[in-house]
Amino acid sequence: MRLGLALGYWGRGPDPRHLELAQEAERLGYHSVWTAESWGSDAFTPLTWLAAHTTRIALGTAVAQMAARTPTATAMQALTLDHLSGGRMMLGLGLSGPQVVEGWYGRPFPKSPLTATREYVDVIRQVLERAAPVRLDGRYHPLPYAGPDATGLGKPLKPIVHPLRADLPVLLGAEGPKNIAQTVRIADGWLPLYWSPSRTELYREALADARDGFMVAPMAQVRVCADVAEGLKPVKAMLGFYIGGMGHAARNFHAELMARFGYEAEARRVQELFLAGRRAEAIEAVPDAFADEVSLVGPRERIAERLESWREGPITDLLALAPDLGTLRVLAELAG
């Protein structure tokens with residue numbers, strides 16, 4: 001199981017620790033570093049900054065939102081950064097949800113998310129392969145565009161730049177069973193948002209046909225601390241925000257995932273409190289047991305013991321949301 005450093009996206013502004021964490025992760029032998037985006041900082045610009053200040057560590061987006069860019073624009077950014085970094089780029093993509101797609105990007109959320117994702121990946125593959133001008137008779141990403149308001153002058157094109165790698169890895173953030181199964185078929189890896197080593201049966205069928213080299217790279221908050229309950233507070237804050245605020249009450253993929261983990265009533269309660277403006281109570285309502293099983297928190301000995309169960313499943317890469325250099329170093333020692 002390789003280690004990755006997940007930095008997420010910025011809060012109020014750039015985190016001054018990120019560069020130091022990435023450089024230390026590279027020194028410690030971490031395989032990869034990952035950035036993200038929601039509706040603030042983008043994923044590619046910080047990753048390019050990190051690329052310029054490192055030499056070996058792989059660079060990934062976990063995740064870049066599909067609604068933010070056309071698939072050709074995303075492919076351009078990926079192939080450009082792959083060149084600039086000497087072949088270190090990994091492209092992680094996510095569809096996001098209706099609240100973000102329609103509320104922030106001003107686009108309709110696709111009625112068929114599986115089709116939209118499949119078309120998006122298809123276009124990116126064509127750009128990277130550069131075997132012919134890109135064409136897709138698609139429902140969501142037709143190329144050339146031939147809609148009712150088209151000029152009729154659209155021309156199939158292939159990238160001017162020769163991509164460094166046709167097989168640049170494409171990974172998908174997927175939560176539902178059908179989405180995970182499609183990810184196995186069309187992508188090079190899967191980026192689970194939550195992972196519980198005690199519930200791998202939830203994914204056994206979907207992952208059954210995964211080919212050799214397929215990446216399973218979940219993110220987990222990791223924190224070395226003496227007090228487990230205290231260490232779980234940031235985990236619960238993150239879960240409360242995603243389950244309560246990252247979606248509509250009637251459609252929240254994160255809450256649905258928590259329900260599949262066996263916490264359906266608790267997920268509904270978190271949503272109710274968050275949407276009523278009672279955020280502190282929503283965070284407190286996240287069960288400690290749920291927060292604990294999707295993270296690695298506590299004294300070194302406890303993390304060492306629990307890390308073994310993460311190794312036993314199908315995980316190839318553990319992407320650690322590690323907040324400090326000490327935690328980063330301890331995890332490297334334990335994983336080594």
Side-chain angles (χ1 to χ4, degrees), residues 1 3-18 20-22 24-25 28 30 33-34 36 38 62 192-199 218-246 254-255 257-258 261-263 265-311 315 318-336:
M1 186 177 69
L3 292 180
L5 169 64
L7 296 174
Y9 44 78
W10 298 350
R12 289 179 177 271
D15 191 323
R17 303 171 300 170
H18 281 182
E20 184 182 18
L21 285 168
E24 181 66 2
L28 291 168
Y30 279 60
V33 59
W34 303 75
S38 55
L193 180 60
Y194 312 135
W195 181 270
S196 170
S198 63
R199 302 179 192 272
M219 281 184 284
Q221 290 206 42
V222 183
R223 186 180 299 265
V224 178
C225 59
D227 188 330
V228 174
E230 190 68 24
L232 286 175
K233 286 183 178 179
V235 184
K236 294 178 64 169
M238 181 272 291
L239 291 171
F241 175 66
Y242 273 78
I243 294 158
M246 279 280 205
H254 309 294
L257 180 58
M258 183 178 172
F261 272 42
Y263 298 96
E266 293 87 342
R268 282 201 303 270
R269 182 59 177 160
V270 171
Q271 279 190 293
E272 290 169 1
L273 290 168
F274 198 97
L275 295 173
R278 298 157 65 183
R279 295 191 176 194
E281 293 177 66
I283 291 168
E284 186 59 33
V286 175
D288 282 11
F290 177 53
D292 195 29
E293 68 177 285
V294 299
S295 63
L296 287 161
V297 171
R300 177 191 175 106
E301 297 74 18
R302 185 177 193 266
I303 291 177
E305 180 181 349
R306 298 184 67 243
L307 189 61
E308 291 308 308
S309 63
W310 290 69
R311 293 178 189 269
I315 295 174
L318 172 61
L319 310 187
L321 287 153
D324 59 84
L325 294 172
T327 293
L328 207 63
R329 291 163 185 159
V330 168
L331 186 60
E333 292 168 6
L334 294 177

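Among pairs with a residue in residues 322-331, those fulfilling salt bridge (charged side-chain N to carboxylate O under 4.0 Å, His left out) read Glu24-Arg329, at least two apart in sequence or across chains.
Under the side chain to side chain donor-acceptor pair (under 3.5 Å) criterion, Glu301 pairs with no residue at all, not counting sequence neighbours. The salt bridge (charged side-chain N to carboxylate O under 4.0 Å, His left out) search around Glu305 returns none, not counting sequence neighbours. Listed by chain and number, the residues in a salt bridge (charged side-chain N to carboxylate O under 4.0 Å, His left out) with Glu230 are Lys233 (sequence neighbours excluded). Qualifying side-chain contact (heavy atoms from CB on, under 4.5 Å) partners for Pro287, counting only residues two or more places apart in sequence or in other chains: Met258, Tyr263, Glu266, Phe290. Remark: Arg278 engages Glu281 in a salt bridge (charged side-chain N to carboxylate O under 4.0 Å, His left out) (not counting sequence neighbours).
For the pair Ala335 and Leu3, the tightest heavy-atom approach, listed with the atom from each and the gap, is CB-CD1, 3.6 Å. Between Arg311 and Gly336 the shortest heavy-atom distance is NH2-N, 4.4 Å. Looking at every heavy atom in both residues, Ala220 comes nearest to Trp310 through CB-CH2, 3.7 Å. Counting all heavy atoms, side chain and backbone alike, Ala62 lies closest to Met219 at O-CE, 3.9 Å. In this structure, Gly298 and Ile303 approach most closely via the heavy-atom pair O-CD1, 3.5 Å. Of all the heavy atoms in Ala226 and Pro299, the pair that sits closest is O-CG, 4.0 Å.
Distance CG/Leu232 to SG/Cys225: 7.5 Å, rounded to 0.5 Å. Taking CG of Leu239 as the reference point, atom CG of Leu193 lies at 8.5 Å (rounded to 0.5 Å). Here Met1 contributes atom CE and Glu308 contributes atom CD; the two are 8.5 Å apart, rounded to the nearest 0.5 Å. In this structure, CD in Glu333 is found 10.5 Å from CG in Leu328, a value given to the nearest 0.5 Å. Between atom CD of residue Gln221 and atom CG of residue Leu321 there is a gap of 5.5 Å, rounded to the nearest 0.5 Å.
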Check step by step if side chain to side chain contact (heavy atoms under 4.5 Å, CB included) holds for Val297 and Val222. CA-CA 6 Å; Val297 171; Val222 183; over 6 Å; no
When you look at Asp15 and Leu7, which way does the side chain to side chain contact (heavy atoms under 4.5 Å, CB included) test go after all the steps? CA-CA 9 Å; Asp15 191 323; Leu7 296 174; over 6 Å; no
Chi angles and distances behind the side chain to side chain contact (heavy atoms under 4.5 Å, CB included) call for Leu331, Leu28: CA-CA 10 Å; Leu331 186 60; Leu28 291 168; over 6 Å; no
Would Asp292 and Asp288 satisfy side chain to side chain contact (heavy atoms under 4.5 Å, CB included), going step by step from the backbone distance to the final call? CA-CA 6 Å; Asp292 195 29; Asp288 282 11; 5.9 Å; no
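Side-chain atoms of Leu21 and Pro323, non-hydrogen and from C-beta on, never get closer than 4.5 Å to each other. Looking at heavy atoms from C-beta onward, Trp195 lies out of side-chain contact with Leu318 at the 4.5 angstrom threshold.
Between the Tyr194 side chain and the Phe261 main chain, no donor and acceptor come within less than 3.5 Å of each other. For Arg279 (side chain) and Phe241 (main-chain N/O), no donor-acceptor pair under 3.5 Å exists by modelled atom type. Between the Arg300 side chain and the Val330 main chain, no donor and acceptor come within less than 3.5 Å of each other.
Side-chain N/O atoms of Ser196 and Glu293 include a donor and acceptor closer than 3.5 Å.
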